[in-house]
Amino acid sequence: MAEPIRVVVTGAAGQIAYSLLYMIARGEVFGKDQPIVLHLLDIPPMVGVLEGVVMELADCALPLLVEVVPTTDPAVGFKDVSAAFLVGAMPRKEGMERKDLLSANVKIFRTQGQALDKFAKKDVKVLVVGNPANTNALVCSSYAPSIPRENFSAMTRLDQNRATSQIAAKLGVPISAVKNIIIWGNHSSTQYPDAGQGKVTANGTVKSVVDAINDNGYLQGSFVETVQKRGAAVIAARKMSSAMSAAKAACDHMHDWWNGTAPGQFVSMGVFSDGSYESPKDVIFSFPVEIKNKQWKIVSGLTLSDFAKTKLSVTGKELQEEKDEALSVLDSNVSNL
Ligand code: NAD
Ligand code: LMR
């Protein structure tokens, strides 16, 4: 058996964590041979709930879970962690946009960036789930200058999973038959779900999704809108934001970061933009990436339609605006934000 690794989940008493902790502790992210010490970080009013979660984790009798560390102290929560799932933040309610959470949530990510900087391993992989995820990840990284900025990411995998599921249903094929659907930009209603590079395998042949669907009206219309508005649709139905699917997506994201992607396969992650595809630089922008040796690389050389270019420009502009707003909320003179 390998040495245990320490993994922190913030918002550990919340609804996403309730599904996520179990999946991590079962070995679905870091592997079935990787023992884990789980750090559960939440805030003092949630200590009672956290105790219940600790009891349930014990009662699951999971062989890979060697220790659970519940805490409300970021110094303990982030100590020596190799992976961090930053979930803890306020969720939006019906009628809100995710960026309406910015002033409430961005300060959490300043504190957690500072704690990561001081206490985490320098090669820690950080996944920000709490909304607005892209801008929170940017803030978090900016307050953790001793950790490479490539180690910070925001979750758009839920959007990718939603988009892949829509395409598979439209074509009447299993999910596993559809690959390389991309989410560009912000995890918000301006994101651009793009089936333009997608591939579908049916009866042993690989075809482009665009050819297989053969309906641009759908691919540029209701497909895009359904994915953009899926989070709001779940809130309208459940009166709470998505949790099971968010936890699954967080596992998928970290799993692929940790273990790599298959040749020719790419996945979407919010990562620091280098200006690829005319996106604004130095915001956390969702790109298609390939992953090897725990390092992601933006897929280069894809041909984008004029429609796609317009969509990328809209979502990039929103990210730039969110960044400016975050700066004003934090009243920040952090030079690298
Ligand atoms: P929730 O309210 O059920 O749980 C959030 C938990 O975070 C609570 O237990 C709360 O006490 C805790 N928390 C608050 N401040 C904290 C802090 N400073 N440190 C540690 N813990 C803290 O919410 P949820 O449904 O689990 O959602 C969490 C976040 O994830 C929300 O912001 C939601 O919008 C976001 N989300 C993102 C995606 C995505 O695709 N990126 C998907 C779903 C939800
Ligand atoms: C989602 O996409 O389901 C989450 O970001 C929650 C939300 O506010 O939509």
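Both ligands and their constituent atoms are indexed starting at 1 by order of listing. Just so it is clear, the values below take in all heavy atoms, side chains as well, and ignore hydrogens, waters and symmetry mates. We're numbering straight along the sequence, starting at 1.
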Discussion item. I need the nearest protein heavy-atom contact for atom 23 (O) of ligand 1: residue, atom name and distance, please.
Written reply: Pro91 CG, 3.5 Å
Worksheet, complete the sentence: Output for pair (Ile16 CD1, Met155 CE), nearest 0.5 Å, gives 6.5 Å
Discussion item. Quick check against the 3.5 Å criterion: does Asn180 have a side-chain atom that pairs as donor or acceptor with the backbone of Gly264?
Written reply: yes
Worksheet item: Looking only at N/O atoms, are Asp42 and ligand 1 under 3.5 Å apart anywhere?
Response: yes
Discussion item. With a 3.5 Å distance limit and no angle check, can you tell me whether Lys99 reaches the backbone of Met96 through a side-chain donor-acceptor pair?
Written reply: no
Worksheet item: Name the one of Thr10, Val126, Val129, Ile24 that satisfies side chain to side chain contact (heavy atoms under 4.5 Å, CB included) with Phe85?
Response: Ile24
Worksheet entry | Part of Ile108 within contact of ligand 1 (heavy atoms, under 4.0 Å) | side chain
Worksheet item: What is the nearest protein non-hydrogen atom to atom 17 (C) of ligand 1, stated with its residue, atom name and distance?
Response: Ile43 CG2, 3.5 Å
Discussion item. Distance under 4.0 Å, heavy atoms only, partner ligand 2: which residues pass?
Written reply: Arg92, Arg98, Asn131, Leu158, Arg162, His187, Gly231, Ile235, Ser241, Ser242
Discussion item. Do Thr226 and Gln166 pair up side chain to side chain, a donor and an acceptor below 3.5 Å, judged on atom types alone?
Written reply: no
Worksheet item: Among Thr156, Asp159, Asn134, whose side-chain hydrogen bond (donor to acceptor under 3.5 Å, both in side chains) with Ser286 holds?
Response: Thr156
Practice prompt. Would you mind checking which non-hydrogen protein atom is closest to atom 39 (C) of ligand 1, with the distance to 0.1 Å?
Written response: His187 NE2, 3.2 Å
Worksheet item: Which ligand 1 atoms, with their elements, are less than 4.0 angstrom from a heavy-atom of Met90?
Response: 31 (C), 32 (O)
Discussion item. Quick check against the 3.5 Å criterion: does Thr315 have a side-chain atom that pairs as donor or acceptor with the backbone of Asn186?
Written reply: yes
Discussion item. Can you tell me if Phe119 has over 12 outside heavy atoms packed within less than 6.0 Å of its CZ?
Written reply: yes
Practice prompt. Mark up the atoms of ligand 1 that fall under 4.0 Å of a heavy atom belonging to Ser242, in ascending order.
Written response: 42 (C), 43 (C)
Worksheet item: Among all protein non-hydrogen atoms, which one is nearest to atom 36 (N) of ligand 1, and what is the separation to 0.1 Å?
Response: Asn131 ND2, 3.5 Å
Worksheet item: If we only count N/O pairs under 3.5 Å, is Val129 in contact with ligand 1?
Response: yes
Worksheet entry | Residues Lys122 and Ser146: side-chain donor-acceptor under 3.5 angstrom | yes
Discussion item. Taking the cut-offs as 6.0 angstrom to the six-membered ring centre and 45 degrees off its axis, would you call Lys294 and Trp258 a cation-pi pair?
Written reply: yes
Worksheet, complete the sentence: With heavy atoms and a 4.0 Å threshold, my read on which part of Gln15 contacts ligand 1 is both
Worksheet entry | Taking atom 4 (O) of ligand 1 as the reference point, the nearest protein heavy atom with its distance | Gly14 CA, 3.3 Å
Discussion item. Using modelled atom types and a 3.5 Å cut-off, is there a donor and acceptor pairing between side-chain atoms of His39 and backbone atoms of Gly77?
Written reply: yes
Fill in: Within-shell test, Arg98 vs ligand 1, heavy atom, strictly < 4.0 Å
no
Discussion item. Just to confirm my output: which protein heavy-atom neighbour is closest to atom 29 (C) of ligand 1, and how far is it?
Written reply: Val87 O, 3.2 Å
Worksheet item: Got the closest protein heavy atom to atom 42 (C) of ligand 1, with its distance?
Response: Ala246 CB, 3.6 Å
Worksheet item: So, is Leu158 polar-close to ligand 1, with some N/O to N/O distance under 3.5 Å?
Response: no
Worksheet item: Should you measure from each heavy atom of Ala13, which atoms of ligand 1 turn up under 4.0 Å away?
Response: 9 (O)
Worksheet item: Quick check: are there more than 12 heavy atoms from other residues, nucleotides or ligands sitting under 6.0 Å from CZ of Arg230?
Response: no
Practice prompt. Taking Thr261 for its side chain and Ile291 for its backbone only, find out whether a donor-acceptor pair lies under 3.5 Å.
Written response: yes
Worksheet entry | Part of Met155 within contact of ligand 1 (heavy atoms, under 4.0 Å) | both
Discussion item. Evaluate Thr10 for polar contact with ligand 1, using N/O atom pairs at a separation under 3.5 Å.
Written reply: no
Practice prompt. Measure from atom 21 (N) of ligand 1 to every heavy atom in Gly231, Pro45, Gly11 and give the option owning the shortest one.
Written response: Gly11
Discussion item. Can you tell me which portion of Gln112 lies within the under-4.0 Å heavy-atom range of ligand 1? Options are side chain, backbone, both, or neither.
Written reply: side chain
Worksheet item: Which bit of Ala89 is near ligand 1, meaning a heavy atom under 4.0 Å away: side chain, backbone, both or neither?
Response: both
Item to complete: Determine, for Phe223 and Lys170, whether the Lys NZ or Arg CZ falls below 6.0 Å from the six-membered ring centre while staying within 45 degrees of the axis.
Response: no
Discussion item. Between the side chains of Lys93 and Asp100, is the shortest nitrogen-to-carboxylate-oxygen separation below 4.0 Å, so that they form an ion pair?
Written reply: no
Worksheet item: Do any nitrogen or oxygen atoms of Ile16 lie less than 3.5 angstrom from nitrogen or oxygen atoms of ligand 1?
Response: yes
Item to complete: Please check if Val9 and Leu57 belong to a single hydrophobic cluster, counting links between Ile, Leu, Val, Met, Phe, Trp and Tyr side chain heavy atoms closer than 4.5 Å.
Response: yes
Discussion item. Check contact between Ala243 and ligand 1, using heavy atoms of the residue and a distance below 4.0 angstrom.
Written reply: no
Discussion item. Within the supplied structure, the quantity of interest is the number of heavy atoms (other residues, nucleotides, ligands) at a distance under 6.0 Å from Met23 CE; does it exceed 12?
Written reply: yes
